[in-house]
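Hydrogens, waters and symmetry mates are skipped; everything else that's a heavy atom, side chains included, is used. Chain letters run A, B, ... following the sequence lines, proteins first and then strands; every chain starts at 1. Here the structure is a predicted model, which means the values were calculated and not measured.
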There are 2 protein chains.
Amino acid sequence: MSQARQRVSMRTVAERAGVSIATVSYVLSARREVAPSTRRRVERAIDELGYVPNQVARSMRTQRTDTVALIVPSILNPFYPAVARGLQDVLEPQGSYGIVVCTDGDPGTERRMIEQMVARRVDGIGLSSYLHRGRPFEAAVEAGIPVVLLGSHAPEPGVDAVGPDDVGGGRRAVQYLLERDRRRIGFITGPQGEGPAASRVSGYLAALRDAAVPAADDLVVRADFSREGGREGMRRLLDLAAPPDAVICTNDVVAIGALDVLRELSVRVPQDVAVVGFDDIEAATLVSPALTTIANPARQIGQAVARILLQRMAEDEPQPPQAIAFGTHLIQRESA
Amino acid sequence: MSQARQRVSMRTVAERAGVSIATVSYVLSARREVAPSTRRRVERAIDELGYVPNQVARSMRTQRTDTVALIVPSILNPFYPAVARGLQDVLEPQGSYGIVVCTDGDPGTERRMIEQMVARRVDGIGLSSYLHRGRPFEAAVEAGIPVVLLGSHAPEPGVDAVGPDDVGGGRRAVQYLLERDRRRIGFITGPQGEGPAASRVSGYLAALRDAAVPAADDLVVRADFSREGGREGMRRLLDLAAPPDAVICTNDVVAIGALDVLRELSVRVPQDVAVVGFDDIEAATLVSPALTTIANPARQIGQAVARILLQRMAEDEPQPPQAIAFGTHLIQRESA
DNA sequence: CACTCTGACGTAAACGTTTAGATCGTACAC
DNA sequence: GTGTACGATCTAAACGTTTACGTCAGAGTG
């Protein structure tokens with residue numbers, strides 16, 4: 001083993017084994033034959049010195065960092081850790097690792113994070129952005145770093161997208177509620193008019209239109225992507241002159257907030273107001289009443305992101321962007 | 001701005017501005033005076049070329065990566081994302097970032113991950129290990145990388161520790177239950193006999209001893225750190241000849257599993273069996289009955305980990321290890 | 001015996017920074 | 001007018017790898 005006080009590099013190993021530093025490199029990478037006897041000497045030197053290859057130097061030479069960044073609004077929303085897990089599922093066997101950062105949904109932070117990741121020369125970026133219209137990832141694209149957007153986006157120059165079928169999911173939630181004779185269906189969406197949340201809203205609007213049910217503007221309220229946001233959104237909906245008899249929430253965390261205020265005010269769920277969430281995080285099974293929700297395959301999404309990134313990194317000629325949408329389905333529980 | 005097709009480095013910028021590479025570096029780092037006029041020329045060149053400093057090269061030269069690794073069993077347990085968030089809270093203002101990896105609680109994976117992070121020359125490692133007795137972090141210590149253990153560990157050569165007061169927490173849970181006249185108190189702990197879970201058990205045992213309540217061996221069962229583990233552990237406890245009238249779980253995720261089977265079997269909580277968890281994750285407020293639990297300040301722990309790491313990185317002489325324990329308190333809800 | 005071929009290994013340049021030290025003009029003091 | 005000092009900039013080494021290319025001894029061939 002080792003006592004390794006001083007920095008030990010290939011050079012140290014080479015000296016000890018009485019070979020050149022190139023030879024050490026070759027026994028490590030096996031990109032060239034080396035005689036069994038020298039190989040053994042080098043391996044012994046490595047053991048004795050406790051040598052660990054320096055990935056930084058390697059990255060510098062090979063121009064790859066074997067690192068991808070996952071940039072998300074909040075790691076505290078259980079959806080994103082699940083995505084991160086999916087990323088690791090496919091990255092780690094390849095010797096790549098993920099660096100995870102939160103933006104708190106702040107545009108400035110988001111831009112700074114992207115810039116930082118470009119500086120770090122990550123091999124790829126998975127990005128869940130509220131404001132992809134502003135193309136905050138432009139810096140990455142220019143640097144030739146593949147970017148995959150999380151969420152159902154249309155294919156866009158330079159970036160791929162993978163997410164659930166948000167439009168279909170929004171649509172499905174509405175159909176389900178209409179079948180159960182709800183007619184005033186509210187929607188609590190995100191703070192901005194962009195991103196996955198927007199697609200879910202447009203699915204919602206489309207389904208209403210198809211069913212010829214009038215959609216009232218005030219039935220769609222904006223709120224933060226948080227439990228507190230859900231509470232506030234729900235309160236606003238209940239304050240309406242004609243409150244809804246069903247509410248679709250842009251994600252489960254928000255839906256849980258909505259349930260909070262319904263419980264406080266002793267509004268019966270689903271009898272008085274039905275609630276449908278989105279994502280199917282574990283907590284959806286824990287609340288009472290258990291949350292009916294649109295399943296969003298987080299882990300698979302993470303895996304798909306990683307696969308696309310890997311594929312992009314491997315290609316020499318830029319290929320046209322692609323968008324993958326995972327089919328969603330409704331999981332019926334108690335809240336609707 | 002930029003069209004930046006070809007790799008643009010300091011060299012490119014220097015040529016464009018008609019200065020040497022060193023000067024570019026100095027305007028970037030401000031470690032030496034440079035005349036305002038040249039500074040402006042350089043800045044213009046940077047803008048026009050869309051130059052982004054290469055962190056990899058910088059790390060190579062400075063021997064710091066501004067990166068710390070957080071190695072945890074599972075990022076799907078909400079406790080760990082909260083720790084990660086705490087890390088980011090203090091790291092990011094310093095320009096450092098966290099790379100998060102899961103070990104799935106597998107010793108081999110854990111060792112591999114640590115080795116990888118050493119190869120990547122991270123500046124520090126936060127490690128939540130099931131088996132720190134085997135000193136899996138030895139490789140990191142030898143490489144001179146500061147390591148902070150998550151959980152309440154005694155100070156140990158070469159590594160610091162920060163965590164909740166696990167012993168005190170276990171003790172508190174028992175006291176609370178004894179006060180409510182529970183006498184057969186079970187404990188669902190983790191798979192191995194080590195780590196934070198073990199300290200919680202020893203607090204439990206100590207409190208029983210203090211109260212002169214006999215502790216039956218079969219009341220402590222081992223299970224996975226997962227919801228399913230909790231289910232299995234609870235089933236085993238209920239199968240006992242004399243089942244417990246209260247159960248303490250090593251964390252909330254496990255407790256939620258325990259509640260699952262109690263609900264299935266229509267065992268009344270807390271009347272027939274009281275349940276106490278550990279961590280106070282958000283889901284504890286969602287289950288029904290809401291979980292009484294020992295609060296574990298995840299985010300503060302993450303922040304403390306980062307602070308210690310930063311401090312260690314700054315010192316030139318190795319200082320003696322330290323262990324920080326955060327006081328815990330019991331949060332009373334419905335399950336006990 | 002001169003030649004080529006081949007297997008095994010060494011040499012050295014490059015990747016993009018940082019930074020200690022050298023250089024160079026100019027202003028100032030005498 | 002010479003010397004000095006100083007501010008502004010440059011030179012070049014170093015960080016630890018990878019890899020194209022060169023070298024060299026010995027085996028094989030005619």
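Looking at every heavy atom in both residues, B:I125 comes nearest to B:I71 through CG2-CD1, 4.0 Å.
In summary, the side chains of A:R120 and A:Q116 do present a donor paired with an acceptor at a separation below 3.5 Å, with no hydrogens or angles considered.
The distance between atom CZ of A:R31 and atom C1' of D:dC21, rounded to the nearest whole Å, is 16 Å. Atom CZ of A:R32 is separated from atom P of D:dG22 by 13 Å (rounded to the nearest Å).
In the displayed structure, B:E315 atom CD is contacted under 6.0 Å by more than 12 heavy atoms of other residues, nucleotides or ligands. The 12-atom threshold is not exceeded at CD of B:E115, counting heavy atoms of other residues, nucleotides or ligands nearer than 6.0 Å.
Backbone-only contact: B:S9 has heavy atoms under 4.0 Å from sugar-phosphate atoms and none from a base. Note on B:A35: only backbone sugar-phosphate atoms sit closer than 4.0 angstrom, heavy atoms only; bases stay farther off. Counting any heavy atom pair closer than 4.0 Å across all strands shown, A:T38 reaches sugar-phosphate atoms only and no base atom.
Using a cut-off of 4.0 Å between Lys/Arg side-chain N and Asp/Glu carboxylate O, A:E15 and A:R11 are scored as salt-bridged. Taking a cutoff of 4.0 Å between a charged side-chain nitrogen and a carboxylate oxygen, A:D89 and A:R307 do not qualify as a salt bridge.
With a cutoff of under 4.0 Å to any heavy atom of chain A, the contacted region of DNA chain C is bounded 5' to 3' by C:dA8 to C:dG16.
When the nearest nucleotides of DNA chain D are assigned to B:R121 and B:T23 by heavy-atom distance, the more 5′-ward of the two goes with B:T23.
With respect to B:F137, the side-chain contact (heavy atoms from CB on, under 4.5 Å) criterion is satisfied by exactly one of B:V118, B:L127, B:V148, B:I145: B:L127.
Residues from residues 56-63 of chain A that place a heavy atom under 4.0 Å from any atom of DNA chain C, listed by number: A:M60, A:R61, A:Q63.
Considering only side-chain N and O atoms, B:S20 lies nowhere under 4.0 angstrom from the phosphate OP1 or OP2 of D:dT11.
Under a 3.5 Å cut-off, the side chain of B:D104 and the backbone N or O of B:D106 do not form any donor-acceptor pair.
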